[in-house]
Amino acid sequence: MMLSPYTYVTVSMRPGQPSRFNVSCSTELRVHAWLGDTGKPCLDLNTSNASVTVSTSGPVTDHDVTVAREIFNAAARYLADCERLHSGQTDKATGSEAA
């Protein structure tokens, strides 16, 4: 099933609770890593409708390095899943059987 590209942003607000923002993007995502003017590492995730920037709150801490590794590992898993599924789709389109 092919869906049109989309970006959903929802905000949950409950009395006595912190607000929660959720952003869900399907395709048309652009990713950019850079150093800010103050030398802080930044990771941007952008669509035509939304932008999310991840950065440190000050000097890089052990926790920041741990979070960066978690982002890297999650992105590696996402890449592996995309490559596996894309390969299966390509095999089906050409009439080949996946190994």
Side-chain angles (χ1 to χ4, degrees):
M1 172 174 70
M2 186 71 149
L3 299 174
S4 297
Y6 65 83
T7 301
Y8 294 129
V9 178
T10 58
V11 180
S12 300
M13 295 185 289
R14 295 186 176 151
Q17 300 286 325
S19 298
R20 180 168 174 81
F21 292 82
N22 295 300
V23 179
S24 177
C25 304
S26 174
T27 68
E28 295 186 2
L29 183 66
R30 294 172 307 282
V31 180
H32 178 69
W34 52 285
L35 285 177
D37 294 338
T38 61
K40 291 186 348 180
C42 298
L43 175 67
D44 289 339
L45 306 171
N46 295 292
T47 72
S48 58
N49 306 99
S51 177
V52 175
T53 300
V54 177
S55 185
T56 63
S57 59
V60 176
T61 65
D62 289 342
H63 179 71
D64 295 320
V65 173
T66 298
V67 169
R69 282 191 187 113
E70 290 171 354
I71 292 169
F72 176 84
N73 289 330
R77 284 191 305 273
Y78 179 73
L79 171 62
D81 287 342
C82 286
E83 288 176 335
R84 178 180 48 80
L85 293 169
H86 182 262
S87 176
Q89 292 164 357
T90 302
D91 290 343
K92 285 181 184 177
T94 62
S96 303
E97 297 253 343

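The model shown is predicted, which means the values in this text are computed figures rather than measured ones.
Ser55 approaches Cys42 most closely through the heavy-atom pair OG-SG, 3.7 Å. The two residues Ser48 and Glu28 come nearest to each other via the heavy atoms OG-OE1, 4.5 Å.
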- [ ] Please assess Tyr8 against Ser26 for the test side-chain contact (heavy atoms from CB on, under 4.5 Å), listing each intermediate value before the final yes or no.
- [x] CA-CA 9 Å; Tyr8 294 129; Ser26 174; over 6 Å; no

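Side-chain contact check for Val60 versus Pro41: some heavy-atom pair is nearer than 4.5 Å.
None of Thr53, Val31, Val52 except one satisfies the side chain to side chain contact (heavy atoms under 4.5 Å, CB included) rule with Asp44; the exception is Thr53.
One N or O on the side chain of Arg30 and one on the backbone of Thr47 form a donor-acceptor pair closer than 3.5 Å.
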Acceptor/donor pairs from residues 64-80 side chains to any protein atom, 3.5 angstrom cut, sequence neighbours excluded:
{"residue": "Asp64", "atom": "OD2", "partner": "Thr61", "partner atom": "N", "Å": "2.9"}
{"residue": "Asp64", "atom": "OD2", "partner": "Thr61", "partner atom": "OG1", "Å": "3.1"}
{"residue": "Thr66", "atom": "OG1", "partner": "Asp62", "partner atom": "O", "Å": "3.1"}
{"residue": "Asn73", "atom": "ND2", "partner": "Arg69", "partner atom": "O", "Å": "3.3"}

